[in-house]
Amino acid sequence: MNILETLQQRFATVLEDFTDNVGPFVEMIRPSQDAKFGDYQANCAMPLGKQNGTAPREVALKIVDKLNVADLCEPSEVAGPGFINLTLRTPWLEDLINRIAHDERLGVEAVAKPKTIVVDFSSPNVAKPMHVGHLRSTVIGDSLARVFRFAGHQVITDNHIGDWGTQFGMIIYGFKHFVELKAYEQDPVGELARLYRLVNQLCDYHDAKSKLPELKEQIERAETRLAEMDPDSPDKQQKKAYKKQSSEIAGLRAELKTLKAKIAAVDDDPELKELADKHPQIAVDSRKQTAKLHAGDQENVRLWDEFLPLCVEALQKIYDRLDIAFDHTLGESFYNDQLADVVKDLEKKGLAVESDGAKCVFLEGHAAPFIVQKADGAYTYATTDLATIKYRVEEFGADQMCYVVDARQSEHFSMLFKTARAWGYNDVELQHVQFGTVMGKDGRPYKTRSGDTVGLESLLDEAIAKASEIVAANDDAKKDADGNPRPELSPEYRAEIAEAVGLGGVKYADLMHNRESDYVFDYDKMLATTGNTATYLQYAHARIYGIFRKGNILPAKLRSEVPRIEIKDPTERALALRIARYSEFLSDVVADCRPNLLTQYLFDLSNDLTAFYAACHVLNAEDEQTKRSRLMLCDVCARVLSHGMSLLGIKAPQQM
Ligand code: ARG
């Protein structure tokens, strides 16, 4: 059961006497921040009093008088100007925790009205290896899909891969000119990745060379302007302008440095230089290869058919490692033959109009149009996404679509959703679940030392390598009763745990931050055994199993004997209440698409557990009944921990 929701419903009936619009006032019933104000607190009397011209305290007293919560709460208290403090009756909480302890769903009811929700996540552009930039969508999307599913919704996960874009023209061009067949036979994906990087580098080289003179001139002009300015001018505006001009120059200089580095990387390598000289039009020619592919050119379609499964297979390897599965992988190419109809339909409805040869949808509040067909006839990312919405509504019967995509695409999604609405897709809920960037410790997007993007594969390898050191050190430090070293884990089991800790650490660090913020990628922080980390939760979970092992307790057997959990100590009460609130947090995760609410919940739960151990003996409890009660409380806590972690896609080993 959802305690908060129950209380809110009880309040709603009463609040109807005070206002026509109970919604916002019901929202003011929240868990208390401080236990001295009870377990929950209602702050609605203050605004209601203001609205009705009555003293808030009086309103609060009237509400309390009518409120029917005697079954679950102690008599409600009115504090200060009109806060209503609610404290759950401990015997009621005791009944609840005992029910939860034997409930497979841990007290979480499935939603009354299940929706069909499509979660669009990961969705990398294939043909290049996955990198750190793909981590967030993949991890957040997977977790949301798991939570929605557990909540009772019908969830369809769809990996909308970019398998039809310019990067394929680049590898086709690369394959036609630079392939090393032996390497391709031995490691096709590795060779394709090399070709992509090579073509990309040569394109960048020519691009940088063509931009260099203009950029140099721009810097010169900016410097001349700066020289005419007075840095010590008493005029504030002028001083500000001087500063602005200087920082603009710094930005341009940084750009110049990047361009020069790109040029030098090729110029300093005779082999690369020769290739660059031989292929001056490589960017244009690669785009031509993409256009030929889209036009159905036999050879290019054959190559694409050959390459795509290889690329998808490489992605699959990462998904397998991360324990992530998709119901569908309907990439951009899947919608190819539906795009012409989309544009026709938009034109028929008067939504798309011609502008400079392109077909565009003009939307209020957006300066740029939403282009659905370019002047050269090519369809766009926008067209594909519109076709995708149509498909998901018609074929999947989607009620809701969650796009777990970088915040930098917010303009695209805002325009996409507006266009879809105007097109007639009014009933489907469209949501851009956006997130920030993974940063390095230097405060810039996370890169390798040489400035390349960090491959996801190597990132996971490194996390696991570091985790295995931590796991080994922890095990090596274990001692027997006489203080002699006594490690417990076999090398195989250590490796298994290192995998759970390493991958769990990476996922958790991503999930624990408010998704809209950027976060700094830091192996040491994410693998720390204390603090808000997966490792800490995993240890908390394994520690419970440690108690079971030490006491020769089989949890399944314990459960079958149905020992009653009794709440005596305040730490037992706090732990039981936290467990009972699992349902509340999950429904918040669903409502806001925020896995960090679940990570925070699990962290708080682990802290409650630590406080409970500090105050209460378990195996050495004062009597057998108390011992069994506490073991049972530990058991249900372990189940919530491992269940919650599973919803984050994180494993919870029983021994560490
Ligand atoms: N492939 C895109 C990219 O890498 C993300 C696709 C997100 N999903 C969507 N339906 N647009 O930027």
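Just follow the structure's listing: the first ligand is 1, and inside any ligand the first atom is 1.
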Next on the checklist: I need the nearest protein heavy-atom contact for atom 8 (N) of ligand 1: residue, atom name and distance, please.
Outcome noted: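 Looking at atom 8 (N) of ligand 1, the protein heavy atom closest to it is Asp120 OD1, 3.2 Å.
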
Checklist entry - Which residue and non-hydrogen atom of the protein lie closest to atom 6 (C) of ligand 1, and at what distance in Å? => result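 Protein heavy atom with the smallest distance to atom 6 (C) of ligand 1: Tyr381 OH, 3.3 Å.
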
Checklist entry - Can you tell me how far CE of Met170 sits from CG of Leu195, rounded to the nearest 0.5 angstrom? => result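 If we round to the nearest 0.5 Å, Leu195:CG and Met170:CE are 11.0 Å apart.
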
Just checking, is any N or O donor in the side chain of [X] or [Y] under 3.5 Å from an acceptor N or O on the other one?
X: Asn532; Y: Lys525; result: no
X: Thr384; Y: His160; result: no
X: Asp406; Y: Gln434; result: no

Check [X] against ligand 1 and report side chain, backbone, both or neither, counting heavy atoms closer than 4.0 Å.
X: Asp385; answer: side chain
X: His412; answer: neither
X: Phe121; answer: neither

Next on the checklist: For ligand 1 and Ser123, I'd like to know whether there is a polar contact (N/O to N/O, distance under 3.5 Å).
Outcome noted: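 Yes; the residue has a nitrogen or oxygen that sits under 3.5 Å from a nitrogen or oxygen of the ligand.
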
Checklist entry - Is there a heavy atom of Gln409 sitting under 4.0 angstrom from any atom of ligand 1? => result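 Contact present.
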
Next on the checklist: Please confirm whether Asn125 approaches ligand 1 to less than 4.0 Å, judged on its heavy atoms.
Outcome noted: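 Contact present.
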
Next on the checklist: For the residue pair Arg105 and Tyr582, would you count it as a cation-pi contact if the rule is NZ or CZ under 6.0 angstrom from the ring centre and within 45 degrees of the ring axis?
Outcome noted: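 Pair Arg105/Tyr582 does not count as cation-pi.
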
Item to check | Stacked cation flag Lys262 on Tyr205, 6.0 angstrom / 45 deg | outcome: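 Not satisfied by the 6.0 Å and 45° rule.
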
Could you list which atoms of ligand 1 come closer than 4.0 Å to a heavy atom of [X]?
X: His160; answer: 8 (N), 9 (C), 10 (N)
X: Tyr403; answer: 10 (N)
X: Phe413; answer: 11 (N)

Next on the checklist: Salt bridge or not between Lys466 and Asp522? Use side-chain N to carboxylate O under 4.0 Å.
Outcome noted: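 Here Lys466 does not pair with Asp522 in a salt bridge, since their nearest N and O are not under 4.0 Å apart.
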
Item to check | Ionic contact status for Arg392 with Asp399, cut-off 4.0 Å | outcome: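 The answer is no: the pair does not qualify as a salt bridge.
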
